[in-house]
K.L.:
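The structure's right below; bear with me while I get my questions together.
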Amino acid sequence: MLKIQNIRKEYITGELKQIALDDVSLDLRDNEFVAILGPSGSGKTTLLNVIGGLDRYDSGDLIINGVSTKQYKDRDWDSYRNHTIGFVFQSYNLIPHQTVLSNVELALTISGISRAERKRRAKEALEKVGLGDQLHKKPNQMSGGQMQRVAIARALVNDPDIVLADEPTGALDTETSVQIMDLLKDVAKDRLVVMVTHNPELADTYATRIVKLKDGKIVDDSMPCTEEEIQKGEAVHRNLGHASMSFFTALLLSFNNLRTKKGRTFLTALAGSIGNIGIALIMSLSNGAQTYIDNIEQETLSEYPLTINATNMDFTALMLGAEQAREEKVEEGYAREWQTLSAMFSKVSNNDLASLKAFFEEDAEEMDQYARAIEYSYNITPQIYRLIGKDGYRQVNPDQALSGSLGQNYSAMSTMSMMSMDSFSILPSDPKLYEGQYEVLRGHWPQEEHECVLVLSSGNRVTDMTLYALGLKDADELDKMIEAFYRNENYEGEDMLTTWKLDDFLDIRLKLLDPSDRYTYDEKYKVYVDHNDNKAYMRDVLERSEDIVVVGVVRAKDDDDGVAMLQPELYCHAGLPTYIMHKAAESEVVQRQLADPETDVFTGVRFGDVVENTIDMSEMFAIDEEGIANAFQFDADSFDLSNLDLSEFDLSGLDLSGLDLSGLDLSGMDGMDLSGLDL
């Protein structure tokens with residue numbers, strides 16, 4: 001049973017208040033045909049809309065099967081309208097570009113019913129209203145009565161408990177109106193039908209109950225419910241389900257709507273495209289400019305990164321102090337001290353890099369929004385050598401070409417101190433900092449600690465220092481150039497530029513020396529001895545050392561900005577310094593030093609003590625007396641002094657009494673004064 005209790009509904013427009021329903025109460029049976037009559041503005045349609053859930057009442061209550069709707073939410077009203085109510089409108093409200101069958105099916109699309117089931121139930125509903133043979137007609141191909149039949153079929157297809165009809169015959173002729181009323185009367189046999197009409201004759205003929213409204217109030221009810229019928233009704237709460245539509249169904253409906261209205265679809269698409277293109281252009285310009293600025297910032301910082309060192313000097317404060325000292329006037333006849341050294345050293349501060357590193361790593365994700373990458377340098381210089389022939393070798397990193405003495409050439413000393421002869425650097429640990437600026441020409445980027453890559457300029461140029469390091473050019477030529485520079489001489493070498501195939505650089509192998517391998521432990525003196533100057537020893541160590549292999553050749557991209565993070569030289573894997581540190585930590589010399597941190601393992605003396613000569617040099621050298629004697633033996637028979645002129649020699653003080661000179665021919669010593677010679 002449907003109960004309307006003290007329903008009040010007002011429409012307010014500005015200061016105008018219109019009362020549509022004024023304290024209306026009405027009980028409707030589950031199975032009857034109710035006609036609501038009344039003049040225009042009496043509230044008939046408003047009452048019908050409140051029953052159907054299309055309008056919300058201001059006060060009162062609508063009770064459905066004993067359940068109040070005061071607490072209904074939007075989804076509850078949607079479910080109520082979809083599963084309980086069937087609407088028949090005066091204006092039909094059919095979709096003109098869809099077929100009759102599709103119009104009836106539409107009522108089932110949001111009920112989650114399959115397509116085949118929707119079509120079956122729609123056909124049955126159309127057959128009930130006598131349109132089973134006109135399923136594929138469009139509404140504009142049918143008469144008014146036929147369209148109203150379609151509307152009734154659409155209202156019945158979901159098998160609702162209540163059918164609401166708002167002036168269903170208002171736009172029909174008399175004959176057609178009778179047909180529609182006969183159809184509604186037949187529908188009312190097993191459900192509640194509430195019809196709003198202006199025609200009292202149709203109401204008297206077909207309705208089982210007539211309710212009259214005037215000024216928003218019920219003035220007459222031909223067959224009100226008895227108290228017994230009202231008390232008989234029990235509260236029955238039913239789960240009506242939820243409105244739902246499958247994605248495929250929604251997509252199909254949308255496509256069908258676009259297809260049937262091509263003109264409107266084209267104009268809408270054109271207008272939307274113009275708007276979207278305009279918005280896209282504006283966003284593209286904005287994003288493009290911002291992206292360009294971001295790229296410039298990133299590329300500039302990649303080439304000139306922000307660096308934090310262990311020590312720092314405040315040059316700004318130093319220059320301001322110097323400027324202030326120059327401007328400050330001193331009294332005539334006096335000279336005041338100008339503190340330059342103390343000012344400089346006072347501006348030097350030490351940075352706690354360990355704490356800074358811990359701070360960065362404490363919340364790495366937060367640091368990502370401030371820095372693209374954070375790199376750490378440990379001042380580890382790989383000791384790299386190149387083997388030459390069967391016995392030779394040359395250190396190429398750090399290069400030893402400048403290790404020779406500059407003598408008194410102070411100009412050369414000043415100039416060469418500012419030059420770097422090294423050809424090896426370490427790649428950043430984050431590849432995204434540099435890989436986008438280069439293209440791989442041969443091989444690949446280093447993937448393991450013992451791999452390195454050759455970086456060329458954008459014009460495929462490689463420095464001659466790199467060629468010397470790889471052994472592709474004769475290192476003796478480099479030594480001659482430096483020697484000539486030391487002597488302030490002009491070096492006249494070959495001016496012809498050499499060219500190599502890129503494949504020539506791949507798989508070149510150098511040697512990585514573990515510095516601890518240069519030392520051996522002297523058990524007698526308990527110190528480590530450096531064998532760096534022992535060429536045979538060093539050659540043997542290098543042959544057993546690990547290889548450094550060139551695995552790739554890359555080239556800087558020829559961009560307009562010309563920004564490149566890596567200079568044209570050799571770059572080792574980012575993990576090489578860490579590998580060297582770990583290996584050094586495991587070496588015997590480091591372990592021994594850690595075991596006794598107060599004593600220098602290379603001298604055997606405690607750190608801070610004055611080093612004295614505690615080594616007995618007599619025990620370090622042995623004289624081979626027999627060898628010396630053999631070296632000075634001679635055959636007297638073959639010793640001819642006939643042509644030796646010793647006239648100027650005074651041998652008077654020479655004692656040769658113990659020397660056996662028998663057999664010695666002194667015939668050629670005429671004129672020599674031997675008076676003081678004791679023979």
Side-chain angles (χ1 to χ4, degrees), residues 1-28 34-95 107 110 151 154-155 160-171 192-200 203 207 209-222 224-225 230 235 237 240 242-243:
M1 177 174 287
L2 186 68
K3 294 185 178 183
I4 302 169
Q5 292 183 346
N6 307 112
I7 291 292
R8 184 177 180 86
K9 176 67 178 177
E10 298 177 352
Y11 294 103
I12 300 176
T13 306
E15 297 181 356
L16 179 62
K17 180 189 296 185
Q18 178 67 38
I19 300 176
L21 296 176
D22 187 7
D23 196 27
V24 173
S25 295
L26 182 65
D27 297 323
L28 300 175
V34 181
I36 300 178
L37 296 177
S40 297
S42 61
K44 303 185 301 299
T45 301
T46 300
L47 178 60
L48 200 69
N49 289 339
V50 168
I51 295 174
L54 297 177
D55 270 349
R56 307 293 172 83
Y57 48 85
D58 296 329
S59 61
D61 195 5
L62 176 65
I63 301 174
I64 304 170
N65 295 323
V67 179
S68 173
T69 60
K70 285 183 178 181
Q71 305 301 323
Y72 266 28
K73 298 179 181 178
D74 288 341
R75 61 182 180 182
D76 298 319
W77 285 112
D78 291 340
S79 179
Y80 167 68
R81 286 190 298 268
N82 190 46
H83 295 88
T84 304
I85 303 297
F87 293 94
V88 180
F89 302 98
Q90 179 180 353
S91 57
Y92 320 130
N93 289 341
L94 300 178
I95 300 175
I110 60 176
R154 183 181 60 191
D161 296 331
I162 302 171
V163 175
L164 304 179
D166 187 8
E167 297 284 355
T169 61
L192 171 63
V193 176
V194 181
M195 178 186 68
V196 170
T197 182
H198 284 92
N199 193 331
R209 181 180 177 184
I210 299 175
V211 177
K212 295 181 180 181
L213 287 178
K214 185 178 181 180
D215 297 331
K217 294 184 178 182
I218 295 178
V219 296
D220 186 40
D221 188 350
S222 64
C225 292
I230 296 174
H237 181 74
L240 302 178
H242 297 288

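We use all heavy atoms of the structure for the numbers below, so side chains are in, but hydrogens, waters and symmetry mates are not.
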K.L.:
Should Pro168 and Met195 count as side-chain neighbours, where that means a heavy-atom distance under 4.5 Å?
P.N.:
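Of all side-chain heavy-atom pairs linking Met195 with Pro168, at least one is under 4.5 Å.
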K.L.:
Could you check Asp215 against Asp22 for side chain to side chain contact (heavy atoms under 4.5 Å, CB included), going step by step and ending with a plain yes or no?
P.N.:
CA-CA 8 Å; Asp215 297 331; Asp22 187 7; over 6 Å; no
K.L.:
Should Asp58 and Arg8 be marked as a salt bridge (Lys or Arg N to Asp or Glu O under 4.0 Å) after you check the CA-CA gap, both sets of side-chain angles, and the distance that decides it?
P.N.:
CA-CA 6 Å; Asp58 296 329; Arg8 184 177 180 86; over 6 Å; no
K.L.:
Under a 3.5 Å distance rule, please check whether Asn82 uses its side chain to pair with a backbone N or O of Ser79 as donor and acceptor.
P.N.:
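No; judged by distance alone, with no hydrogens or angles, the pair does not exist.
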K.L.:
Under the side chain to side chain contact (heavy atoms under 4.5 Å, CB included) test against Ile4, which residue among Leu21, Ile63, Leu62 passes?
P.N.:
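Exactly one candidate clears the test, Leu62.
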K.L.:
What distance do Lys44 atom NZ and Asp166 atom CG have between them, rounded to the nearest 0.5 Å?
P.N.:
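Interatomic distance, Lys44 NZ to Asp166 CG, rounded to 0.5 Å: 8.5 Å.
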K.L.:
Could you give the side-chain donor-acceptor pairs of residues 45-56 under 3.5 Å, partners two or more places apart or in another chain?
P.N.:
unit_1: Asn49; atom_1: ND2; unit_2: Thr45; atom_2: O; d: 3.4
unit_1: Asp55; atom_1: OD2; unit_2: Tyr11; atom_2: OH; d: 2.9
unit_1: Arg56; atom_1: NH2; unit_2: Asp74; atom_2: OD1; d: 3.3

K.L.:
Any non-hydrogen side-chain atom of Leu192 less than 4.5 Å from a side-chain atom of Val163?
P.N.:
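Leu192 does not reach Val163 side chain to side chain.
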K.L.:
Given 3.5 Å as the limit, does a donor-acceptor pair link the side chain of Ser42 with the main chain of Lys214, or not?
P.N.:
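No, because the side chain of Ser42 does not come within donor-acceptor range (under 3.5 Å) of the backbone of Lys214.
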K.L.:
Where is the tightest heavy-atom contact between Arg154 and Tyr92, given as atom of each residue plus distance?
P.N.:
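Distance-wise, the nearest heavy atoms are NH2-O, 2.8 Å.
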K.L.:
Check whether the side chains of Thr69 and Tyr80 place a donor and an acceptor atom closer than 3.5 Å, and report yes or no.
P.N.:
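No donor-acceptor contact under 3.5 Å links the two side chains.
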K.L.:
Is it the case that the side chain of Arg209 and the backbone of Ile36 share a donor-acceptor pair, with hydrogens and angles ignored and the cut-off at 3.5 Å?
P.N.:
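Side chain of Arg209 to backbone of Ile36: no pair is present.
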K.L.:
Distance alone, cut at 3.5 Å: any donor-acceptor contact between the side chains of Thr197 and Asn199?
P.N.:
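Their side chains do not contain a donor-acceptor pair, so the 3.5 Å distance test is not met.
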K.L.:
Looking at Ala155 and Val88, what are the two nearest heavy atoms and their distance?
P.N.:
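Where Ala155 meets Val88 most closely, the heavy atoms are CB-CG2, 3.8 Å.
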K.L.:
Pair Val211, Leu37 - check side chain to side chain contact (heavy atoms under 4.5 Å, CB included), show working.
P.N.:
CA-CA 6 Å; Val211 177; Leu37 296 177; over 6 Å; no
K.L.:
More than 12 foreign heavy atoms under 6.0 Å from NZ of Lys212: is that the case here?
P.N.:
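Not buried by this count: 12 neighbours or fewer within 6.0 Å.
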K.L.:
Salt bridge check: are Lys3 and Asp27 linked by an N-O gap of less than 4.0 Å?
P.N.:
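Result for this pair is no, no salt bridge flagged.
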K.L.:
Answer whether the closest heavy-atom distance between the side chains of Val24 and Asn6 falls below 4.5 Å.
P.N.:
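Side chain of Val24 against side chain of Asn6, heavy atoms only: no contact under 4.5 Å found.
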K.L.:
At their closest point, which heavy atom of Pro39 faces which heavy atom of Leu213, and how far apart are they?
P.N.:
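So the two residues come closest at CD-O, 3.5 Å.
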K.L.:
What distance separates Ser25 OG from Asp61 CG, expressed to the nearest 0.5 Å?
P.N.:
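Going from OG on Ser25 over to CG on Asp61, the span is 10.5 Å.
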K.L.:
Would you sort out whether Val34 and Val193 count as a side chain to side chain contact (heavy atoms under 4.5 Å, CB included), showing the intermediate values?
P.N.:
CA-CA 6 Å; Val34 181; Val193 176; over 6 Å; no
K.L.:
How about Gln18 and Glu10: do any of their side-chain heavy atoms sit closer than 4.5 Å?
P.N.:
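Side chain of Gln18 against side chain of Glu10, heavy atoms only: no contact under 4.5 Å found.
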K.L.:
Pro224 and Ser222: which non-hydrogen atoms are nearest, and at how many Å?
P.N.:
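The pair with the smallest heavy-atom distance is CD-C, 3.8 Å.
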K.L.:
With sequence neighbours left out, write down each residue that passes salt bridge (Lys or Arg N to Asp or Glu O under 4.0 Å) with Asp23, or none if nothing qualifies.
P.N.:
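So Asp23 forms no salt bridge (Lys or Arg N to Asp or Glu O under 4.0 Å) with any residue.
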K.L.:
Could you go through Asp220 and Ile210, starting from their C-alpha distance and side-chain angles, then the distance that decides it, and tell me whether this counts as side chain to side chain contact (heavy atoms under 4.5 Å, CB included)?
P.N.:
CA-CA 8 Å; Asp220 186 40; Ile210 299 175; 5.9 Å; no
K.L.:
Kindly indicate whether the side chain of Thr84, heavy atoms from C-beta on, has any atom under 4.5 Å from the side chain of Pro160.
P.N.:
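No, every pair of side-chain atoms sits at 4.5 Å or beyond.
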